[in-house]
Each structure stands twice: as C-alpha cells, then as structure tokens.
Amino acid sequence: MHYYLSLVLFVLCHFLHAQQINNDQVYAKNIKTVILEHSGAPMSIPIIQLGSGEQLLLKFDDLDGDTKNYKYTFELCDYNWQRSSLKPIEYLTPFQDEYITSYKYAVATTQPYVHYQLLFPTEQVYFTRSGNYIIKVFLDSEPDKILFTKRFMVFENAFSIQASVQPSMNVNERSTHQQIITKVYTKQTFVSNPSRNINLVIWQNQRQDNAVTLKPKSINGSELDYGYYDANIFLGSSEFRRFDITDLNAISQFVASNQFINHENHAFLLPDKLKDLHVYVSNPDINGKFLINNRHSINDHDVEADYAWVHFYLPVQMPFMQGSLYVVGGLSDWAFSPSNQMQYNPQKQVYEGALFLKQGVYNYQYMLKGSNQKQATLAYTEGDFFETENDYYLFAYYRPDGELYDRLMGFAKINSISDIKR
C-alpha cells in the first residue's frame with residue numbers, strides 16, 4: 001500500500017513539475033529590484049537576437065548589505081514557459097553555472113544593500129538555440145534553493161512580422177477594444193504544417209495574464225494571415241497612474257508627504273480616485289514600467305538610490321465583490337501576489353497597501369482578479385478605451401515535427417498610436 005501511494009505521489013509531483021509555468025518571481029526577502037533588460041536600453045524587454053553579439057543586463061539588490069557568492073544558470077522553456085526536455089548542453093556552451101562577480105555597495109543610503117550586475121551572453125557562455133529562457137540565481141552553498149527567476153527571449157530573424165492596431169470589428173467594442181491585425185512571413189524557411197507547428201504569442205505591454213496565443217487563419221505560401229479572430233482583440237485599458245520618488249526630501253508628483261519612521265523612509269501617495277469609466281483621459285506614461293533614479297545622484301543611480309515604503313490609497317465606499325484588488329505594473333513584476341494585494345479598511349472606507357521600492361519613477365494600475373481567474377480586469381477601477389497608448393509585443397514560435405523545443409523565429413514590437421490603422 002505504501003509503495004503504491006509513494007508511486008502515485010512521485011508521478012503526481014513529476015507531472016506538476018513538468019507543467020510548471022516559469023514566471024518572473026523572487027523567493028528571497030532580501031532580494032529587491034530585479035531588473036533584466038537589453039544592455040544600453042533601459043526599460044526594454046529582455047530579448048536578443050541569436051548570435052548577434054547583443055547582451056542582456058541583469059541587476060538586483062541584496063538588502064542584507066553583505067557580499068555573497070551568487071551563481072546563475074539558464075533553462076530553456078517552450079513557447080508557454082514550461083520547461084523544455086532538452087538538456088543544458090544542447091542549448092548552451094558546455095557549462096552548468098557561473099558566479100556573479102560584479103557588485104557595488106550602496107552609497108549614503110539609509111537602507112544598506114549590495115548591488116549586483118551581470119552581462120550575458122559572453123564569449124564563454126552563450127546560447128546555441130533560440131527560444132524562451134529563464135535565468136535562475138542561487139547561492140553557491142545552496143544550489144537547490146532558487147532565490148529568483150527572470151524570463152528572457154533569444155530570437156532568430158527568420159520570420160518577419162507585420163502588424164497594426166485597429167478598432168474592433170465588433171461595433172459594440174469599437175470604443176473599448178484594440179484589435180491586432182497580423183501577418184507572419186516565413187520567408188526562406190520551409191515550414192511543415194504551419195497551423196499545427198507555429199504559435200504566435202502577443203503581449204499587451206508586459207502583462208502576462210492577458211497574453212494570447214494564435215494560430216493562422218489562412219495560409220498563402222510563405223504568408224500566414226491571422227485575420228479577425230476574437231482572440232486577437234484586447235481590452236484597451238487606460239493610461240497608467242504614476243508617482244515620482246526620486247527625491248525623498250521634497251514633495252514630488254502625486255506624493256502627499258515623505259516621512260522617516262523607525263529608521264525607514266516612507267512615501268505617502270495622494271489618495272487615488274476611481275477613473276471615469278466612460279471618458280478617456282490622455283496622460284503620458286511609460287506603459288507600466290519604472291526607472292530607477294535619485295534626483296541627487298552624483299555618479300550612479302544604481303547604488304545611490306535609496307529605498308522607501310510607498311503607501312497606496314484607493315478610497316471606495318464598499319469593497320469590490322468581483323475579486324481581490326492589486327496594484328500592478330513593473331513594480332510588482334506584473335504578478336498578483338500577497339505583497340501587492342490591497343487590503344480594505346472598512347473604518348476609513350479605503351483600500352490600503354504598501355510596497356518597499358527603490359527610488360525612481362513608477363507606473364501602476366489597480367486591477368481586480370478573482371482567485372480562479374487567469375485574467376485580471378480594469379473595468380471597475382481604470383476603464384478600457386480604444387484611444388489608450390499601449391505597446392504590443394509579438395513572438396512567432398516554430399516547432400517542426402519531431403523537434404523537442406520551440407524556436408523563436410520572429411519578433412516585433414508595435415504601438416497602438418504609431419501603428420494604428422483605421
């Protein structure tokens with residue numbers, strides 16, 4: 001009996017591990033402000049072309065304030081961010097893990113920390129296949145205890161993607177939705193069974209909860225037309241809210257007060273308001289991203305920016321019944337976790353929350369998400385408008401018959417304002 005129970009548990013654990021989706025996630029309380037971007041392009045998504053010599057820059061802070069022997073390794077995933085069955089030697093130069101050796105101590109901050117950086121790939125460590133990857137960081141003394149993971153992509157310039165944004169073909173959705181019209185050209189690559197073997201994934205900004213995966217509607221030689229599926233329609237969202245904590249000694253934009261309490265900085269934001277759900281308001285933003293900055297920095301924002309508890313307030317007369325309320329954006333890794341969940345205070349009739357953030361300029365939105373729902377909604381807090389300026393990222397994956405991984409064959413970025421088609 002015990003044997004069969006153990007066997008069932010082993011199979012179940014193996015199945016769950018195989019189905020695990022790899023997300024951007026931090027598991028250690030002392031690790032903060034994990035950033036992965038294209039080197040030399042702040043706030044960019046982490047993607048490079050295979051064999052191009054381009055590099056990604058990983059940055060993070062250890063709030064313990066002492067140096068540690070951090071190591072990293074990579075893992076190849078499929079188009080849906082599940083772990084590939086390939087072995088590391090099949091997609092990397094022969095290496096298992098390496099040390100992160102570049103670090104600097106924080107300068108003149110109330111919160112001590114050590115700032116680490118890593119540039120990759122290098123001449124010694126590089127990728128031999130395209131696709132979705134995650135980088136895993138851990139201590140050399142605890143290789144089985146992952147401290148954080150971060151997604152990135154390596155693409156081949158083998159497919160070209162043409163895309164534009166237009167109002168929904170559904171008359172009832174024209175004022176609230178954005179439709180992505182897309183064609184993929186496989187060019188000189190022979191593709192067997194495109195309807196089965198090619199997946200086109202679209203992100204709105206860097207949200208993962210509302211990402212869509214499409215199959216071609218029609219195929220004409222090397223041209224794949226994704227046409228007018230309902231699946232390529234996104235709710236338009238609204239422009240992001242923002243705040244500025246680049247100066248913790250002065251009142252900045254949307255900050256009510258700065259205080260120093262129990263040896264920590266606190267920035268209390270002005271109470272937010274529910275947006276008018278029927279009126280679009282233009283408001284320049286950075287589409288949910290953030291940029292680390294200390295207004296008084298002399299040499300290096302990365303080590304001269306301090307940390308502060310940022311307090312959020314959203315007054316509403318009654319708590320929402322449609323789900324839990326979260327403050328979401330790059331400041332939360334676009335995730336929905338207890339750390340960025342707002343709590344309702346019935347005495348004050350307000351949702352309250354606080355995040356420990358590094359000095360900079362931040363975008364955010366309030367989203368509602370039910371416990372059993374994959375996608376969050378802004379319908380009760382922010383509204384959805386066709387006019388909203390959004391970035392869209394398109395990824396074309398190809399897995400030939402008999403292959404064990406998804407090649408990322410093409411990538412494109414469009415904007416709902418500059419690439420609009422009416």
Within the 3.5 Å criterion, strictly below it, is a donor on [X] or [Y] matched to an acceptor on the partner's side chain?
X	Y	value
Gln204	Tyr392	yes
Tyr307	Thr33	yes
Tyr397	Asn132	yes
Asp244	Thr246	yes
Tyr364	Asn340	no
Asp272	Tyr366	yes
His177	Asp384	no
Arg399	Asn199	no
Gln55	Ser39	no
Asp61	Gln111	no

Mark yes when over 12 heavy atoms from residues, nucleotides or ligands other than [X] sit less than 6.0 Å from its [atom1]; otherwise mark no.
X	atom1	result
Tyr185	OH	yes
Lys87	NZ	no
Tyr126	OH	no
Ile89	CD1	no
Lys273	NZ	no

> Going by heavy atoms in the side chains, are Phe336 and Gln341 under 4.5 Å from each other?
Replying inline: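 SC-SC contact between Phe336 and Gln341 ruled out.
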> Does the side chain of His38 come within less than 4.5 Å of Ile48's, by heavy atoms?
Replying inline: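 Counting from C-beta outward, Ile48 and His38 do come under 4.5 Å.
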> Is the shortest distance from a Lys or Arg side-chain nitrogen in Asp209 or Lys369 to a carboxylate oxygen in the other one below 4.0 Å?
Replying inline: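 Judged by the 4.0 Å cut-off on N to carboxylate O distance, Asp209 and Lys369 do not form a salt bridge.
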>> So that I can tick it off, tell me whether Asp302 and Lys104 are bridged by a salt bridge, with the cut-off set at under 4.0 angstrom between side-chain N and carboxylate O.
In response: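 No, no charged N to carboxylate O under 4.0 Å.
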Looking at [X] and [Y], what are the two nearest heavy atoms and their distance?
X	Y	result
Ile292	Ala305	CG2-CB, 3.9 Å
Ile233	Ser168	CD1-OG, 3.7 Å
Arg129	Val154	O-CG1, 4.2 Å

> Can you list the residues that meet the salt bridge (Lys or Arg N to Asp or Glu O under 4.0 Å) rule with Lys71, with sequence neighbours excluded?
Replying inline: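 Lys71 satisfies salt bridge (Lys or Arg N to Asp or Glu O under 4.0 Å) with Asp97 only.
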Determine, using ring centers only, whether [Y] and [X] are less than 6.0 Å apart.
X	Y	answer
Tyr362	Phe290	yes
Tyr91	Tyr405	no
Phe127	Phe152	yes

> Could you go step by step and tell me if Lys289 and Asn363 meet the side chain to side chain contact (heavy atoms under 4.5 Å, CB included) rule?
Replying inline: CA-CA 6 Å; Lys289 307 182 190 78; Asn363 275 189; over 6 Å; no
Let me confirm one number: the [atom1]-[atom2] distance from [X] to [Y], rounded to the nearest 0.5 Å.
X	Y	atom1	atom2	value
Leu118	Tyr72	CG	OH	5.0 Å
Phe356	Lys29	CZ	NZ	13.5 Å
Leu355	Ser332	CG	OG	7.5 Å

>> Under the rule for side-chain hydrogen bond (donor to acceptor under 3.5 Å, both in side chains), what residues qualify as partners of Asn287, not counting sequence neighbours?
In response: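 Listed in chain order: Glu389, Asp391.
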> For Gln25, does its backbone N or O pair with a side-chain atom of Asn23 as donor and acceptor, under 3.5 Å?
Replying inline: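 No, Asn23 side chain to Gln25 backbone: no donor-acceptor pair under 3.5 Å.
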> When you measure from the side chain of Lys215 to the backbone N and O of Ile198, does any donor-acceptor pair fall under 3.5 Å?
Replying inline: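 Yes.
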> Going through the distances and angles, do Lys145 and Tyr27 end up as a side chain to side chain contact (heavy atoms under 4.5 Å, CB included)?
Replying inline: CA-CA 9 Å; Lys145 185 178 179 181; Tyr27 301 96; over 6 Å; no
> Parallel, tilted or perpendicular: which fits the ring planes of Tyr70 and Phe60, with parallel below 30° and perpendicular above 60°?
Replying inline: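 Perpendicular: the ring planes of Tyr70 and Phe60 meet at over 60°.
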> What salt bridge (charged side-chain N to carboxylate O under 4.0 Å, His left out) pairs are there with at least one residue in residues 131-144, not counting sequence neighbours?
Replying inline: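 Every salt bridge (charged side-chain N to carboxylate O under 4.0 Å, His left out) pair that includes a residue of residues 131-144, provided the two are not neighbours, is Glu75-Lys136.
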>> Using the side-chain contact (heavy atoms from CB on, under 4.5 Å) definition, which of the options Gln179, Gln178, Glu173 pairs with Phe386?
In response: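 Filter result, single survivor: Gln178.
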> Among Phe320, Phe312, Tyr313, which one satisfies ring pair (Phe, Tyr, Trp, His ring centres under 6.0 Å) with Tyr351?
Replying inline: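 Filter result, single survivor: Phe320.
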